Structure formats: structure tokens, C-alpha cells
Amino acid sequence: MYRKLLIAIDPEDDGEGKRALETALELLEDTGELHLASVFRPDSGGFFPHVTEEAPEEKENQVRERLDLLARKYLPLNRDASLHVVAGNAGEKLVALAGQLCVDLLVLVSRGSSGHGPLRKATVEYVAVNASCAVLVLPAIPKEENDQSTVTP
């Protein structure tokens with residue numbers, strides 16, 4: 001079991017967020033700290049393509065709102081999480097945040113060779129090599145499964 005976990009989440013990908021949160025909760029101690037992070041580039045979509053050309057403050061607020069909604073949707077009522085929205089290079093910012101928070105485990109979801117593959121793959125590799133903590137890389141959810149998981153009855 002881990003004492004402090006940091007999860008890198010694309011708040012626009014509901015299935016990815018749900019999966020990462022479920023996995024993290026299985027690995028986190030009952031009294032452990034949970035941190036959710038999303039990184040965006042102020043000058044482009046960057047690691048998370050949901051960000052468009054807007055003022056950095058607007059981008060940050062939009063990302064924070066989506067991250068908060070995801071946490072409220074998938075975290076049990078007896079759990080809370082600290083939210084971190086950071087602008088910059090995703091790999092560098094995630095490694096720095098993990099070090100600053102002194103987390104025991106950083107959880108990422110890899111998209112492999114999907115739409116934003118090269119950047120995602122490079123980010124995952126950078127984090128895995130440079131993080132000062134253990135890194136868990138969850139495989140991407142196949143598109144069909146992800147689409148089904150976000151459908152409401």
C-alpha cells in the first residue's frame with residue numbers, strides 16, 4: 001500500500017480518469033493522500049488536447065473545473081483529493097510535482113500510438129525515467145470500452 005499517490009489525468013477523458021482513480025484507490029492506504037494533476041501548455045494543447053487557444057487563466061480554470069468534476073464523480077464520499085493544475089511541459093511538471101509532494105507512486109495512463117501518441121509516449125517515458133518515486137503506467141482503454149463506460153443508461 002502507498003501513503004501518497006499522484007495521478008496524472010486528462011480531465012476530458014472520463015474513462016481514463018475513472019480507471020486511474022479506481023486503480024489508485026486500490027493501492028492507497030486508508031489514511032493516504034491522493035493528488036490529481038493535469039498539465040497544459042499555455043501556448044498549445046500540449047499533453048492534454050482539451051485545451052484551446054485562450055488566456056492561461058481561462059485554461060487553468062477550465063481544466064480545474066473538469067478535474068474537480070471528475071474527482072466528485074468517481075471518488076467515494078469518504079475520500080478527497082488535492083487538485084493540481086500546472087502549465088508547462090507535462091513530463092517535467094509531473095516529475096517536479098511528484099518530487100515536491102514527496103509521493104510514493106505516480107500513476108499515468110499511456111495512450112501508446114493513439115491520436116496524441118508521440119507526445120504521450122514521450123511524456124510517459126520521461127516520467128518513468130526521471131521520477132524520484134515509483135511510476136505505474138496503466139495501458140490505454142480501447143476506444144470501444146471507453147465509449148461504453150461513458151454512456152449513461
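All heavy atoms count here, side chains included; hydrogens, waters and symmetry mates do not. In this chain, residues are counted from 1 in sequence order. A quick note: this is a predicted structure, and the numbers were derived from the prediction, not measured.
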Item to complete: Return the minimal non-hydrogen interatomic distance between Gly99 and Ser132, and the atom names on each side.
Response: CA-OG, 4.1 Å
Worksheet item: After noting the C-alpha distance and the side-chain angles of Thr23 and Leu136, does the key distance pass the side-chain contact (heavy atoms from CB on, under 4.5 Å) rule?
Response: CA-CA 10 Å; Thr23 300; Leu136 174 61; 3.9 Å; yes
Discussion item. With heavy-atom distances below 4.5 Å as the criterion, would you say the side chains of Val109 and Ile7 are in contact?
Written reply: no
Item to complete: Would you name the heavy atoms of Ala90 and Val39 that are closest together and state the gap between them?
Response: CA-CG1, 3.5 Å
Worksheet item: Do Leu138 and Leu108 have side-chain heavy atoms sitting under 4.5 Å apart?
Response: no
Worksheet entry | Lys/Arg N to Asp/Glu carboxylate O, Arg3 vs Asp104, below 4.0 Å | yes
Item to complete: Hey, could you give me the CD/CD distance between Glu65 and Glu60, rounded to the nearest 0.5 Å?
Response: 11.0 Å
Worksheet entry | Heavy-atom pair of closest approach, residues Val95 and Asn130 | CG1-O, 3.6 Å
Practice prompt. Under the salt bridge (charged side-chain N to carboxylate O under 4.0 Å, His left out) rule, collect the residues that match up with Arg79, sequence neighbours excluded.
Written response: none
Worksheet item: Taking only residues two or more places apart in sequence, or in another chain, which ones meet Asp80 in a salt bridge (charged side-chain N to carboxylate O under 4.0 Å, His left out)?
Response: none
Worksheet item: Which distance, rounded to the nearest 0.5 Å, do you find between the NE2 of His84 and the CD of Gln100?
Response: 8.0 Å
Practice prompt. Would you check if Pro11 and Val63 make a side-chain contact, meaning some heavy-atom pair closer than 4.5 Å?
Written response: yes
Practice prompt. Would you mind reporting whether Leu75 and Leu34 have side-chain heavy atoms less than 4.5 Å apart?
Written response: yes
Worksheet item: Is there a side-chain contact between Leu67 and Val85, using heavy atoms and a 4.5 Å cut-off?
Response: yes
Worksheet entry | Inter-residue atom distance Leu6.CG - Cys102.SG, 0.5 Å rounding | 12.0 Å
Discussion item. Applying side-chain contact (heavy atoms from CB on, under 4.5 Å) to Leu28 and Lys4, what does each step give before you reach the verdict?
Written reply: CA-CA 7 Å; Leu28 187 63; Lys4 282 187 177 182; 6.0 Å; no
Worksheet item: Atom CD in Glu16, atom CG in Leu70: separation rounded to 0.5 Å?
Response: 9.0 Å
Practice prompt. Could you go through the side-chain contact (heavy atoms from CB on, under 4.5 Å) check for Ser38 and Ile9 one step at a time?
Written response: CA-CA 5 Å; Ser38 187; Ile9 293 182; 5.7 Å; no
Worksheet item: Hey, is Asp68 close enough to Arg72 for a salt bridge, meaning N to O under 4.0 Å?
Response: yes
Fill in: Backbone N/O of Phe40 and side chain of Lys59: donor-acceptor pair under 3.5 Å
no
Item to complete: Any chance you could lay out the side-chain contact (heavy atoms from CB on, under 4.5 Å) test for Tyr126 and Glu92, step after step, and finish with the verdict?
Response: CA-CA 8 Å; Tyr126 181 89; Glu92 292 173 5; 3.6 Å; yes
Discussion item. How long is the straight-line distance from CG of Leu106 back to CG of Leu97, given to the nearest 0.5 Å?
Written reply: 8.0 Å
Item to complete: Kindly indicate whether the side chain of Leu25, heavy atoms from C-beta on, has any atom under 4.5 Å from the side chain of Tyr74.
Response: no
Fill in: Reported CG-to-CG distance for the pair Leu36 and Leu21, which is rounded to 0.5 angstrom
5.5 Å
